[in-house]
Protein chains: 2
Amino acid sequence: MKISTKGRYGLMLLVDLAIHGGESPISLKSIAERQGLSDHYLEQLIAPLRNAGFVRSVRGAYGGYVLARPATDVGVRDVILTLEGPLDIVDEDFDDGLSPLWDRLREAVDSVLQSVSLQDLVEMRQAGQGPYMFYI
Amino acid sequence: MKISTKGRYGLMLLVDLAIHGGESPISLKSIAERQGLSDHYLEQLIAPLRNAGFVRSVRGAYGGYVLARPATDVGVRDVILTLEGPLDIVDEDFDDGLSPLWDRLREAVDSVLQSVSLQDLVEMRQAGQGPYMFYI
DNA sequence: ATAAATTCGACCATCTTACTAGGAAATGAG
DNA sequence: CTCATTTCCTAGTAAGATGGTCGAATTTAT
């Protein structure tokens with residue numbers, strides 16, 4: 001019952017693009033260095049994000065990636081869905097007679113993810129890095 | 001991001017015990033037949049449930065298992081926790097700066113599971129098997 | 001041309017899942 | 001006592017997912 005590093009790296013990737021990105025594209029290498037990740041692995045994660053239209057790519061020297069839409073218009077649920085596949089809590093094709101329970105769980109998760117945008121994550125990260133950080 | 005068959009079989013097991021169980025113990029074999037599962041596999045699932053005190057076992061001929069507590073006193077969250085381990089949405093030992101998001105997700109899942117008892121599952125199953133079943 | 005990038009396809013080690021197999025130990029019925 | 005029944009315990013295992021690595025082809029700014 002987990003969200004794997006696929007989804008997490010993917011979100012970190014987009015957050016980094018939102019923070020450091022502007023007009024000109026940003027290379028995966030620079031993102032990987034900033035976030036301490038493997039740039040070769042990030043390639044595999046950004047491919048579906050590109051296909052799904054979250055980012056645009058610019059090939060060649062000084063190329064890289066740019067957010068295709070403003071961070072406020074990118075839903076975390078859609079990103080997770082793209083990288084992790086359908087967020088079924090249980091395997092659908094096996095009936096245990098408890099589907100109302102699994103439905104309620106899925107709705108609960110869905111509702112949280114639905115309510116958060118990429119911009120929210122940006123602010124979340126910046127709050128975490130700020131000089132006045134407290135754990136309440 | 002799933003609850004595996006471990007947790008689901010475990011819940012089916014306890015629901016079956018709650019429905020068909022009374023004074024005398026019920027054998028895993030009979031449960032396995034009713035639910036269409038492998039009795040040998042169920043053994044492995046009921047072991048932790050026994051250790052956690054959800055069921056009592058009676059060895060020997062005409063032995064089996066009995067619910068240790070009334071179904072209303074058994075929380076679904078505790079059962080899942082016993083069978084699936086901590087229901088962390090993400091791996092804790094890797095900081096992506098997004099912990100508030102993961103915390104909210106865990107709380108949402110926790111709150112749903114917390115609110116459901118084994119007795120609720122019994123009624124859920126019986127409603128699903130009744131003659132007047134509608135999908136709203 | 002050359003260096004910096006993306007893109008593409010193959011490969012691999014480790015872990016989890018969902019089992020199966022076999023037997024030892026306990027216990028009630030006859 | 002003995003035997004069938006049932007729990008209890010330890011291994012093993014096939015398939016899939018996870019989390020990568022590696023090498024090479026392609027594109028493009030300078």
Side-chain angles (χ1 to χ4, degrees), chain A residues 1-10 12-13 17 21 23-33 35-51 54-66 68 80 83-91 93-94 96, chain B residues 1-13 17 21 23-33 35-52 54-66 68 80 83-91 93-94 96:
Chain A
M1 183 172 189
K2 285 196 178 168
I3 289 183
S4 69
T5 58
K6 251 188 243 175
R8 303 179 77 181
Y9 286 180
M12 289 169 77
L13 201 66
L17 273 182
E23 317 274 311
S24 48
I26 298 203
S27 72
L28 271 192
K29 201 177 164 190
S30 67
I31 297 180
E33 278 170 7
Q35 310 285 338
L37 304 174
S38 147
D39 55 335
H40 234 28
Y41 186 40
L42 287 189
E43 283 181 13
Q44 295 179 34
L45 301 185
I46 209 167
L49 292 177
R50 171 172 39 83
N51 294 333
F54 292 106
V55 297
R56 282 186 307 104
S57 68
V58 181
R59 302 183 65 162
Y62 294 85
Y65 295 89
V66 194
I80 296 285
L83 289 171
E84 306 258 351
L87 33 81
D88 296 328
I89 297 292
V90 294
D91 204 4
D93 57 59
F94 163 63
D96 54 11
Chain B
M1 183 170 190
K2 286 200 177 166
I3 289 181
S4 69
T5 58
K6 252 188 241 175
R8 303 180 77 181
Y9 285 179
L11 288 177
M12 289 169 78
L13 202 65
L17 273 181
E23 317 274 309
S24 48
I26 298 203
S27 73
L28 273 193
K29 202 177 162 190
S30 67
I31 298 181
E33 277 169 9
Q35 309 286 338
L37 304 174
S38 146
D39 55 336
H40 229 26
Y41 187 40
L42 287 188
E43 281 182 13
Q44 296 178 32
L45 302 185
I46 210 167
L49 293 177
R50 169 173 38 83
N51 294 334
F54 291 106
V55 297
R56 282 186 307 103
S57 69
V58 180
R59 301 183 64 163
Y62 294 83
Y65 296 89
V66 194
I80 296 285
L83 289 172
E84 306 258 351
L87 33 81
D88 297 329
I89 297 292
V90 294
D91 204 6
D93 57 58
F94 163 64
D96 54 11

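Note that the coordinates shown come from a computational prediction; the quantities given were computed from them, not determined experimentally. Residue numbers begin at 1 in each chain, while the letters A, B, ... track the order of the sequences.
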Would you give me the side-chain donor-acceptor pairs under 3.5 Å for residues 36-43 of chain A, sequence neighbours excluded?
{"residue": "A/S38", "atom": "OG", "partner": "A/H40", "partner atom": "N", "Å": "3.4"}
{"residue": "A/S38", "atom": "OG", "partner": "A/Y41", "partner atom": "N", "Å": "3.0"}
{"residue": "A/H40", "atom": "ND1", "partner": "A/E43", "partner atom": "OE2", "Å": "3.4"}

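A/N51 has its CG atom 11 Å from the C1' atom of C/dT7, to the nearest Å. Across the protein-nucleic acid pair, B/L42 atom CG and C/dT20 atom P stand 10 Å apart, rounded to whole Å. For the pair B/D91 CG and D/dT18 P, the interatomic distance rounds to 13 Å; values are reported in whole Å. With rounding to whole Å, B/Y65 atom OH is found 13 Å from C/dT27 atom P. The interatomic distance linking A/D39 (CG) with D/dG20 (P) rounds to 12 Å, in whole Å. Put simply, CD on A/E33 is 13 Å from P on C/dA4, counting in whole angstrom units. One can place NZ of B/K29 at 7 Å from P of D/dT5, the figure rounded to the nearest angstrom. If you measure from atom OH of A/Y41 to atom P of C/dT7, you get 18 Å, rounded to the nearest angstrom.
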Do B/D91 and A/T5 pass the side-chain contact (heavy atoms from CB on, under 4.5 Å) test, and can you show the C-alpha distance, the side-chain angles, and the key distance before you say yes or no?
CA-CA 8 Å; B/D91 204 6; A/T5 58; over 6 Å; no
Could you go step by step and tell me if B/L11 and A/D96 meet the side-chain contact (heavy atoms from CB on, under 4.5 Å) rule?
CA-CA 9 Å; B/L11 288 177; A/D96 54 11; over 6 Å; no
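Atom CG of B/L17 and atom CZ of B/R56 lie 11.0 Å apart (nearest 0.5 Å). Taking OH of B/Y65 as the start and CD1 of B/I46 as the end, the distance is 5.0 Å to the nearest 0.5 Å. Interatomic distance, CZ of A/R8 versus CD1 of B/I89, reported as 11.0 Å (0.5 Å rounding). Between the CG atom in B/L13 and the CD1 atom in B/I31 there is a gap of 5.0 Å [rounded to 0.5 Å].
Closest approach of B/I3 and A/V90 over heavy atoms only: O-CG1, 3.8 Å.
Not one side-chain nitrogen or oxygen of A/K6 sits closer than 4.0 Å to the OP1 or OP2 atom of D/dG19. Checking the phosphate oxygens (OP1, OP2) of D/dG20, a side-chain nitrogen or oxygen of A/Y9 falls inside 4.0 Å. Listed pair A/S4 / D/dG19 meets the phosphate criterion, a side-chain N or O lying under 4.0 Å from OP1 or OP2. Taking only side-chain nitrogens and oxygens, A/T5 comes nearer than 4.0 Å to OP1 or OP2 of D/dG19.
The listed nucleotides are C/dT20, C/dT6, D/dT7; the one nearest the side chain of B/S38 is C/dT20.
Ring centers of B/Y9 and A/F94: under 6.0 Å apart, within the cut-off.
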Filtered N/O pairs between nucleotides 8-14 of chain C and protein, under 3.5 Å:
{"residue": "C/dC8", "atom": "N4", "partner": "A/E43", "partner atom": "OE1", "Å": "3.1"}

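DNA chain D lies under 4.0 Å from at least one heavy atom of each of the following residues of residues 55-62 of chain A: A/R59, A/G60, A/A61.
Using a 4.0 Å heavy-atom distance criterion, B/L28 is classed as a sugar-phosphate-only contact.
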